[in-house]
Amino acid sequence: MKGLKKKRRIQVIVVAFVALAGSTALIGYAMRDGINYFRPPSDVVAEPPAARETFRIGGLVEEGSLVRGQGETITFSVTDGGASVPVSYTGVLPDLFGEGQGMIGTGQLVDGVFVAKEILARHDESYMPKEVVDALKDQGVYKDPNEPGS
């Protein structure tokens, strides 16, 4: 009788472990395409991502680089003060998007040009995404909009 209880307990533990491992593997498999890593322009220029890797890039829209083409295609450069990466986007830009403003784009690097599927811009005068602030601070070009004299 004692041996049967011990055997049953071990079987339950093994089945629970297999179920936990299986569910962890399924969650990882489902999320493999949904994880997009953030990279500032300096990192993209220094170490270009693998071909067809989807990632997020962020920084400031470089002054004088915004070009609206025929139709809905827009090109511009994004910079973190250390490097610039050309960006191409087809679609409608957010209302607060503009030169010198913070942005984050999701897409892929194709022949040295970041082809964005989605562009996000700040949502008020003082907001900037944390990743962009960190990248600008790393380059030494961040200015806090809430400080007097900025």
Side-chain angles (χ1 to χ4, degrees), residues 11-150:
Q11 288 174 340
V12 168
I13 290 172
V14 168
V15 168
F17 178 75
V18 168
L20 180 64
S23 63
T24 302
L26 287 174
I27 290 170
Y29 180 76
M31 290 179 59
R32 75 188 187 289
D33 291 333
I35 298 173
N36 299 322
Y37 295 103
F38 175 82
R39 296 192 174 145
S42 295
D43 290 356
V44 173
V45 170
E47 297 176 34
R52 296 299 183 202
E53 177 185 344
T54 299
F55 65 98
R56 295 184 315 149
I57 191 169
L60 299 175
V61 177
E62 198 166 29
E63 295 288 339
S65 68
L66 186 61
V67 177
R68 297 182 189 273
Q70 295 290 352
E72 295 181 347
T73 301
I74 295 108
T75 59
F76 58 93
S77 292
V78 62
T79 184
D80 60 0
S84 293
V85 174
V87 177
S88 174
Y89 176 68
T90 300
V92 178
L93 289 170
D95 290 338
L96 295 174
F97 183 88
E99 292 180 350
Q101 302 300 323
M103 61 75 60
I104 290 184
T106 303
Q108 299 174 338
L109 194 65
V110 178
D111 297 329
V113 175
F114 183 78
V115 179
K117 296 179 201 167
E118 178 183 36
I119 298 287
L120 303 174
R122 64 195 177 96
H123 68 272
D124 69 16
E125 289 300 317
S126 61
Y127 174 78
M128 193 174 298
K130 180 186 180 318
E131 294 94 342
V132 174
V133 170
D134 292 344
L136 293 173
K137 282 181 179 177
D138 288 346
Q139 294 297 324
V141 296
Y142 177 72
K143 294 178 186 150
D144 188 349
N146 298 321
E147 284 183 9
S150 290

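The shown structure was predicted, so the numbers you read here are calculated from the model rather than taken from an experiment.
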Which atom pairs, donor and acceptor, lie under 3.5 Å between side-chain atoms of residues 55-68 and protein residues at least two apart or in another chain?
{"residue": "Arg56", "atom": "NH2", "partner": "Glu131", "partner atom": "OE2", "Å": "2.9"}
{"residue": "Glu62", "atom": "OE1", "partner": "Ser84", "partner atom": "OG", "Å": "3.3"}
{"residue": "Glu62", "atom": "OE2", "partner": "Ser84", "partner atom": "OG", "Å": "3.1"}
{"residue": "Glu63", "atom": "OE2", "partner": "Gly100", "partner atom": "N", "Å": "3.4"}
{"residue": "Ser65", "atom": "OG", "partner": "Glu62", "partner atom": "O", "Å": "2.7"}
{"residue": "Ser65", "atom": "OG", "partner": "Ser77", "partner atom": "N", "Å": "3.0"}

Enumerate donor-acceptor pairs with a distance under 3.5 Å from any side-chain N or O in residues 41-51 to protein atoms, sequence neighbours excluded.
{"residue": "Ser42", "atom": "OG", "partner": "Asp80", "partner atom": "OD1", "Å": "2.9"}
{"residue": "Ser42", "atom": "OG", "partner": "Asp80", "partner atom": "OD2", "Å": "2.8"}
{"residue": "Ser42", "atom": "OG", "partner": "Gln139", "partner atom": "NE2", "Å": "3.1"}

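The two residues Gly91 and Ile74 come nearest to each other via the heavy atoms O-CD1, 3.5 Å. Taking each heavy atom of Val78 and Val87 in turn, the nearest pair found is CG1-CG2, 3.8 Å.
Residues Gln108 and Thr54 bring a donor and an acceptor atom of their side chains to less than 3.5 Å of each other.
Among residues two or more places apart in sequence or in another chain, the side chain to side chain donor-acceptor pair (under 3.5 Å) test is passed with Thr75 by none. Scored by the side chain to side chain contact (heavy atoms under 4.5 Å, CB included) test, Leu20 finds Ser23, Thr24 as partners (sequence neighbours excluded). Taking Glu99 as the reference, nothing meets the salt bridge (Lys or Arg N to Asp or Glu O under 4.0 Å) condition, with sequence neighbours excluded.
Among residue pairs with one or both ends in residues 110-119, none qualify as side chain to side chain donor-acceptor pair (under 3.5 Å); sequence neighbours excluded. For the ring-ring contact (aromatic ring centres under 6.0 Å, His included) condition, the pairs that include at least one residue of residues 68-89, sequence neighbours left out, are Phe76-Phe97.
Between Pro94 and Leu120, every side-chain heavy-atom pair lies at or beyond the 4.5 Å cut-off.
Here CD1 of Ile119 is found 8.0 Å from OG1 of Thr106. Values are rounded to the nearest 0.5 Å.
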